[in-house]
Amino acid sequence: MRKQIVAGNWKMNTTPEQGIELVKEIMKNIGHACTSVNYIVCPPYTHLSEVAKITCGTAIQVGAQNCAEEAKGAYTGEVSAEMIASLGVHYVILGHSERRQYYGETSATLNKRMRQAYANGLVPIYCVGETLEERESGKLWDVVKAQIEEVIFELTADEFRHAIIAYEPVWAIGTGKVASADQAQEMHAFIRKTLAVKFKDAATQTPILYGGSVKPDNAKEIFAKEDVDGGLIGGASLKAEDFMGIGKGFN
Ligand code: 13P
């Protein structure tokens, strides 16, 4: 039985005050929610500390949206994995398409971030996904396979056991254009098969989340698919009611 996960990627949204209000609202609702679902919130760096403190000992866990490639030193503006882990944060999103697209992150830089994450005990939520052009030209399988092989295949078997993968087709992020449940399942099965080439049976236990315009009204159909273990949620994670509503998609 794989973990069921609903993770909220707040991106560059909310002030610390708004973020704390949001997480308090989520906490109020969680008592009534399905307990088998693991909820993770990923606020901006500025309120990671406060959100980690408030949620400590609750069913909500906290993740960062990135971490630096290097351990420490003269890297103005960067935040290290050690700093993040020291706040009681357990997860880190790596390889989000917005980071790849706008900040030039590549497999080479992501491998360095992965090393930092594991060295500091952070669990990576590693994102993969194709653009619309790549889907339409039939390159989607090669693109996702390379994103997995170039980064996840660099992990040891022991490290891999902790990793979470998120499939986020770029064309479905923030566009309201959700992948159909069948399209998600097809890619998730492909990802699991790809992972199994190196990690064999361990791949059957890896949580693979779907991300891209997940909302309370489409979560159930997507989460019902065999290889979909939850969601990485952007826009809808900014409203406690919608975020928790997505968790109900497992019922
Ligand atoms: P949306 O849910 O807003 O489409 O964003 C998905 C995402 O990028 C989560 O990381």
Side-chain angles (χ1 to χ4, degrees), residues 4-14 18-19 22-23 26 37-45 47-48 51 60-67 84 89-103 105 110 113 117 122-132 134-135 140 143-144 147-148 151 163-181 183-184 187-188 191 207-223 225 228-250:
Q4 297 177 321
I5 298 170
V6 175
N9 176 7
W10 295 2
K11 308 191 180 183
M12 198 173 73
N13 293 296
T14 70
Q18 291 164 341
L22 173 57
V23 81
I26 295 170
V37 181
N38 293 270
Y39 290 94
I40 302 170
V41 293
C42 304
Y45 288 138
H47 24 312
L48 266 184
V51 171
I60 300 166
Q61 293 180 293
V62 183
Q65 296 175 20
N66 200 8
C67 71
I84 293 165
V89 169
H90 293 110
Y91 298 89
V92 61
I93 299 172
L94 289 177
H96 193 282
S97 62
E98 287 151 16
R99 299 293 321 174
R100 294 180 192 262
Q101 215 179 325
Y102 308 141
Y103 302 98
E105 291 192 16
L110 288 165
R113 289 172 210 270
L122 294 173
V123 171
I125 302 174
Y126 177 66
C127 304
V128 299
E130 80 287 358
T131 62
L132 185 60
E134 288 161 347
R135 175 164 281 264
L140 68 169
V143 167
V144 171
Q147 289 169 337
I148 297 276
V151 177
I164 297 170
I165 310 288
Y167 169 56
E168 300 203 312
V170 180
W171 49 272
I173 296 177
T175 57
K177 246 196 219 173
V178 64
S180 71
Q183 283 174 323
M187 183 55 90
H188 282 224
I191 291 170
I208 307 178
L209 315 182
Y210 169 79
S213 299
V214 179
K215 304 278 181 279
D217 62 1
N218 59 26
K220 197 179 175 91
E221 196 188 346
I222 299 169
F223 293 175
K225 292 293 178 182
V228 180
D229 305 306
L232 182 55
I233 321 300
S237 72
L238 296 170
K239 270 199 191 153
E241 199 188 331
D242 288 353
F243 187 56
M244 301 308 294
I246 288 169
K248 288 192 192 122
F250 283 113

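Atom set for the values below is all heavy atoms of this structure, side chains included, hydrogens, waters and symmetry mates excluded. For ligands, and for the atoms within them, numbers begin at 1 and follow the listed sequence. Numbers here are sequence positions counted from 1.
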*Asks:* Between Gln18 and Asn13, do the side chains contain an N or O donor and an N or O acceptor separated by less than 3.5 Å?
*Replies:*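 There is no such pair between these side chains.
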*Asks:* Considering only heavy atoms of Ala172, which atoms of ligand 1 have at least one such atom less than 4.0 Å away?
*Replies:*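 This gives 4 (O) as the contact atoms.
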*Asks:* So, is Glu98 polar-close to ligand 1, with some N/O to N/O distance under 3.5 Å?
*Replies:*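 N/O-N/O distance below 3.5 Å does not exist for this pair.
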*Asks:* Would you kindly say whether Gln65 and Trp10 are connected by a side-chain donor-acceptor distance under 3.5 Å?
*Replies:*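 The criterion, which ignores hydrogens and geometry beyond distance, is not satisfied for Trp10 and Gln65.
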*Asks:* What atoms of ligand 1 come closer than 4.0 angstrom to any heavy atom of Gly235?
*Replies:*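 Here the atoms of ligand 1 in question are 1 (P), 2 (O), 3 (O).
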*Asks:* Under 4.0 Å from ligand 1, counting heavy atoms only, is it the side chain of Asn9, its backbone, both or neither?
*Replies:*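 It is the side chain that gets close, since no backbone atom is under 4.0 Å.
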*Asks:* Say whether Gly174, considering both its backbone and side-chain N or O atoms, lies within less than 3.5 Å of an N or O atom on ligand 1.
*Replies:*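 Yes; at least one N/O pair falls below 3.5 Å.
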*Asks:* Should the heavy atoms of other residues, nucleotides or ligands under 6.0 Å from CD of Glu221 be counted, would the total exceed 12?
*Replies:*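 12 or below, so no.
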*Asks:* With heavy-atom distances below 4.0 Å as the criterion, list the atoms of ligand 1 near Glu168.
*Replies:*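 Atoms satisfying the 4.0 Å criterion: 6 (C), 7 (C), 8 (O), 9 (C), 10 (O).
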*Asks:* Is the distance from the ring center of Tyr39 to that of Phe243 below 6.0 Å?
*Replies:*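 Under 6.0 Å, so yes.
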*Asks:* Is there at least one pair of N or O atoms, one from His96 and one from ligand 1, spaced under 3.5 Å apart?
*Replies:*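 So ligand 1 has an N or O lying under 3.5 Å from an N or O of His96.
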*Asks:* In terms of atom number and element, which parts of ligand 1 are under 4.0 angstrom from non-hydrogen atoms of Gly212?
*Replies:*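 Those atoms are 4 (O), 6 (C).
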*Asks:* Which of the listed options, Gly231, Gly234, Ala166, holds the heavy atom that is closest to atom 6 (C) of ligand 1?
*Replies:*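 Nearest option to atom 6 (C) of ligand 1, by heavy atoms: Gly234.
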*Asks:* Whether the Gln61 and Tyr91 side chains hold a donor-acceptor pair (N or O, under 3.5 Å, no angle test) is what I'd like checked.
*Replies:*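 Result is yes, a qualifying pair exists.
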*Asks:* Just to check, does Lys11 reach to within less than 4.0 Å of ligand 1 when the distance is taken from its heavy atoms?
*Replies:*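 Contact check Lys11 vs ligand 1: positive.
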*Asks:* Mind running side chain to side chain contact (heavy atoms under 4.5 Å, CB included) on Thr14 and Leu238 for me, showing each step along the way?
*Replies:* CA-CA 8 Å; Thr14 70; Leu238 296 170; 4.1 Å; yes
*Asks:* Look at ligand 1 and say whether Ala236 reaches it with a heavy atom at a distance under 4.0 Å.
*Replies:*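 It does not; every heavy atom stays at 4.0 Å or beyond.
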*Asks:* Do we see a donor-acceptor contact under 3.5 Å between the side chains of Tyr167 and Glu130?
*Replies:*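 The criterion, which ignores hydrogens and geometry beyond distance, is satisfied for Glu130 and Tyr167.
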*Asks:* Assess whether atom NZ of Lys239 is packed by more than 12 heavy atoms of other residues, nucleotides or ligands within 6.0 Å.
*Replies:*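 Open.
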